[in-house]
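To start, the structure itself, in structure tokens.
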Amino acid sequence: MARIVMKFGGTSVANIERIRAVSAFVRREIDAGHGVAVVVSAMAGETNRLIGLCADAGPPAPTLDARYIEHDTVVAAGEQISSGLLALVMQNLGYRARSWQGWQIPLKTSINHGEARISEISDSAIGEAMDGGEIAIVSGFQGIAPTGRISTLGRGGSDTSAVALAAAIGAARCDIYTDVDGVYTTDPRLSKQARRIAKISYEEMLEMASVGAKVLQTRSVEIAMAYKTPIRVLSSFDPPDAPGPGTTICDEDDIVEQNIVTAVTPDFNEASVTVLAVPDEPGRAARIFTRLAEAAINIDMIVQSASREHGFANISFTTKEDYLERALEVLNSDKEAIGFSSLQSDRNVTKVSVIGLGMKTHAGVAGTMFQTLADKGINIQNISTSEIKISVLINSDAAEYAVRALHDAYGLGSPAKPADENA
Ligand code: ASP
Ligand code: MG
């Protein structure tokens with residue numbers, strides 16, 4: 001009997017009707033003879049509602065303190081409700097099922113509440129229950145900190161709960177059910193040409209998740225890659241007796257047909273900051289980025305350019321929009337020591353990334369990207385690269401246009417449909 005993990009996101013458990021649909025997907029795997037653990041998110045909108053209640057009660061402190069711990073106590077409740085409801089529905093259908101909260105497994109985490117990392121998952125109790133024929137219905141997103149308090153894994157953390165559980169119980173695969181039927185070459189809302197990717201490597205999926213493709217939490221892909229757990233992304237809105245093929249996320253060696261570029265991914269949640277006229281001498285950049293790091297502000301693209309004034313440089317970087325105000329405050333509070341003249345910031349910027357394993361071996365991918373944008377008259381503000389990704393920062397007003405143009409330029413569009421299919 002193979003063990004498998006099935007994970008259902010918020011829209012898949014949005015109400016009792018949707019939870020009944022989930023039970024049909026679970027039944028299918030049970031009938032196929034698998035031992036099943038189901039990981040659930042909170043019902044759609046519930047985590048936001050709970051975070052709102054915490055905010056009404058008093059904003060959580062940015063550092064670890066009592067209020068942040070209680071914040072986790074509150075927001076983890078969303079998953080507790082869905083796991084209990086799905087267990088009830090399965091029991092009413094005559095199955096043996098029980099809910100598991102993070103602390104009951106236990107799924108142990110680090111102490112950083114709100115963004116805790118999984119440190120250990122015990123497979124003994126849950127594995128025994130599964131081997132005894134019981135369906136394990138697990139609350140995603142939550143665990144237990146070394147202090148014994150409830151912790152949460154960061155937004156989208158149920159994906160990570162599911163993949164880590166799959167690795168811990170030696171599951172043959174982890175199926176992530178969501179409201180889209182797979183991972184796409186680009187956001188289908190931006191381009192009608194977007195098409196479902198049948199197979200994608202862990203590495204590419206990791207880059208996509210880290211630049212803001214919302215399908216999977218980045219950490220979940222890291223874990224899948226480390227433990228070689230195959231993931232499938234499937235739609236819980238497909239009929240349970242005939243689900244679509246979805247997208248398989250696997251080792252690059254298991255992908256026969258490899259494109260040079262696999263996806264074009266925009267990230268609208270970027271903001272840029274330029275620190276103007278910083279003295280061009282050792283230690284200034286270090287000071288800027290150390291201050292930002294101390295304030296737990298994540299930085300992405302960094303560019304330094306010589307300023308018109310001799311002996312000075314301008315340093316630009318990007319960060320998430322949510323961090324922008326804090327970044328400006330932190331830098332302004334250290335203005336004397338850094339020695340800059342002023343700060344400029346811009347929220348109206350988007351990072352567009354092209355991602356593909358083929359870049360390792362093929363030249364010209366960057367050239368095509370820059371030429372395509374130049375032909376469309378789109379100005380590039382920043383550039384950054386990794387081995388399998390090139391990102392540019394552009395004005396948000398041009399972002400959709402740029403995504404479509406790049407998607408075309410790398411030939412990612414769907415083959416033209418026959419005329420009658422469009423009629
Ligand atoms: N409910 C949590 C969230 O909305 C975790 C998850 O759904 O993955 O972020
Ligand atoms: Mg999610």
Side-chain angles (χ1 to χ4, degrees), residues 5-15 18-19 21-22 25 37-55 60 68-87 99-103 105 107 109-110 112-118 121 137-145 150-167 174-180 183 205-206 208-210 212-224 229 231-237 249 269 298 320-322:
V5 172
M6 308 171 77
K7 182 257 169 178
F8 292 89
T11 49
S12 305
V13 295
N15 50 48
R18 296 296 316 148
I19 292 175
V22 165
F25 282 96
V38 188
V39 175
V40 286
S41 288
M43 297 162 100
E46 183 65 3
T47 306
N48 286 342
R49 188 182 75 86
L50 296 171
I51 290 172
L53 290 176
C54 289
Y68 223 103
I69 297 173
E70 300 307 348
H71 178 272
D72 276 358
T73 305
V74 176
V75 299
E79 273 68 14
Q80 177 165 339
I81 293 170
S82 355
S83 63
L85 287 175
L86 179 58
S99 63
W100 292 82
Q101 308 312 308
W103 62 272
I105 295 175
L107 183 153
T109 75
S110 61
N112 47 327
H113 284 268
E115 249 169 87
R117 307 246 310 184
I118 297 174
I121 300 180
I137 304 191
V138 177
S139 290
F141 184 51
Q142 48 160 274
I144 178 172
I150 293 171
S151 54
T152 65
L153 307 177
R155 295 311 303 268
S158 295
D159 298 331
T160 301
S161 308
V163 176
L165 181 67
C174 182
D175 289 344
I176 307 267
Y177 286 84
T178 176
D179 51 9
V180 290
V183 180
M205 194 61 227
L206 194 57
M208 280 181 81
S210 68
K214 300 265 157 26
V215 210
L216 289 172
Q217 199 193 35
T218 309
R219 183 77 190 123
S220 70
V221 187
E222 284 172 1
I223 295 175
T229 308
I231 300 181
R232 288 194 307 174
V233 176
L234 301 160
S235 171
S236 71
F237 290 78
I249 305 164
N269 183 23
N298 281 326
K320 296 286 165 230
E321 279 191 34
D322 303 346

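Numbering of ligands and ligand atoms starts at 1, following listing order. Values in this document were obtained by computation on a predicted structure and should not be read as measured data.
Atom numbering of ligand 1 starts at 1 in the shown order; those under 4.0 Å from a heavy atom of Arg155 are 3 (C), 4 (O), 9 (O). Counting atoms of ligand 1 from 1 in the listed order, those under 4.0 Å from a heavy atom of Ser41 are 6 (C), 7 (O), 8 (O).
Between the side chain of Ser99 and the main chain of Gly84, no donor-acceptor pair closer than 3.5 Å is present.
The shortest N or O to N or O distance between Gly156 and ligand 1 is below 3.5 Å.
Pairs of residues two or more places apart, or lying in two chains, that qualify as salt bridge (charged side-chain N to carboxylate O under 4.0 Å, His left out) and include a residue from residues 42-51 are Glu46-Arg49.
Heavy atoms of Gly9 come nearer than 4.0 angstrom to ligand 1 in no pair at all. At least one heavy atom of Glu79 lies less than 4.0 angstrom from ligand 1.
Looking at Glu70 and Thr73, their side chains do bring a donor and an acceptor atom within 3.5 Å of each other. Side-chain polar atoms of Gln80 and Ser139 form no donor-acceptor pair below 3.5 angstrom.
For Thr152, the side-chain hydrogen bond (donor to acceptor under 3.5 Å, both in side chains) criterion is met by Asp72, not counting sequence neighbours.
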